[in-house]
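Read through the structure below, which is laid out as structure tokens, and then see the notes.
First listed ligand is number 1; within each ligand, the first listed atom is number 1. Along the sequence shown, residues carry numbers from 1.
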Amino acid sequence: MDNASSRLAEIEANIARICKPARRDPSQVTLIAVSKTHPAERIVPLLEAGQRIFGENRVQEAAAKWPALREDWPDAELHLIGQLQSNKAEDAVALFDCIHSLDRPSLLRALAKAMDKAGRRVPCFVQVNIGDEDQKGGCPIADVPAFLNEVRAADIPLAGLMCIPPADREPAPFFALLAKLAGDNGLSGLSMGMSGDYETAVQLGATHVRVGTALFGVRGQP
Ligand SMILES: *Cc1c(COP(=O)(O)O)cnc(C)c1O
């Protein structure tokens with residue numbers, strides 16, 4: 001088996017193993033293969049192995065790589081997991097099937113306008129600044145309920161909440177807090193967990209895990 005497909009099988013098996021004691025159905029957990037920085041020839045083996053959902057963090061990079069890949073795999077689904085500038089909203093709406101980084105009113109307005117113009121509604125996760133970090137994107141926790149109301153009023157399909165916990169802290173309390181916030185606000189989608197902590201995230205209710213390094217190897221190294 002090819003390297004990428006054996007890694008894929010291993011991660012899927014890990015997710016299934018964690019789901020069992022948590023009494024969760026593994027089909028409730030969507031594995032997003034984060035292909036940022038990796039060229040098409042690294043992505044193709046995963047497509048051939050059956051993976052269909054991919055994550056990219058830059059609009060421009062995704063626009064360069066994915067239209068060609070989608071000609072061969074028209075059912076591939078593309079998720080934007082990185083910060084989005086309002087002036088790229090139109091490109092993002094045209095290219096992505098889901099956006100995980102809706103975090104502020106100005107971006108909400110730009111996305112709503114872009115979706116109206118394109119006649120296409122793209123589901124969005126609201127990203128929460130779960131560790132209250134100055135440098136990080138994400139809606140402040142206290143502002144989440146009001147912001148969710150704005151998203152609903154703009155008729156943007158709400159996929160759930162997303163977070164990236166502080167890099168140097170135990171992630172579990174932050175995942176638990178995001179799950180609580182989602183439940184309190186009537187949402188079930190939870191985009192949380194990366195290569196180092198996706199198992200913990202699944203234990204705590206993740207519906208979407210974003211895994212790059214564990215699938216593709218370390219970025220920037222061939
Ligand atoms: C790069 C990235 C990931 C994947 O990280 P890995 O540690 O390589 O699995 C997940 N989520 C976001 C938002 C990212 O930018």
Under 4.0 Å between a side-chain nitrogen and a carboxylate oxygen: does that hold for [X] and [Y]?
| X | Y | result |
| --- | --- | --- |
| D143 | R104 | no |
| E61 | K36 | no |
| D25 | K20 | no |

Which residue owns the protein heavy atom closest to [atom], what's the atom, and how far is it?
| atom | result |
| --- | --- |
| atom 13 (C) of ligand 1 | I81 O, 3.4 Å |
| atom 11 (N) of ligand 1 | R210 NE, 2.9 Å |
| atom 5 (O) of ligand 1 | M194 CE, 3.7 Å |

*Does ligand 1 have a heavy atom under 4.0 Å from the side chain of T213, from its backbone, from both, or from neither?*
both
*Pick whichever of Q127, K36, R219 has a heavy atom sitting closest to atom 1 (C) of ligand 1.*
K36
*Nearest-option assignment for atom 6 (P) of ligand 1, heavy atoms, candidates S195, G82, G217*: S195
*Taking atom types as modelled, is there a side-chain donor on S35 or R42 under 3.5 Å from an acceptor on the other?*
no
*Do Q28 and T207 have a side chain donor and acceptor closer than 3.5 Å?*
no
*What atoms of ligand 1 come within less than 4.0 Å of a heavy atom belonging to V211?*
9 (O)
_Ligand-residue contact atoms, ligand 1 with I164, heavy atoms, under 4.0 Å_ = 13 (C)
*Heavy-atom pair with the smallest gap, counting every atom of A154 and L108*: CB-CD1, 4.0 Å
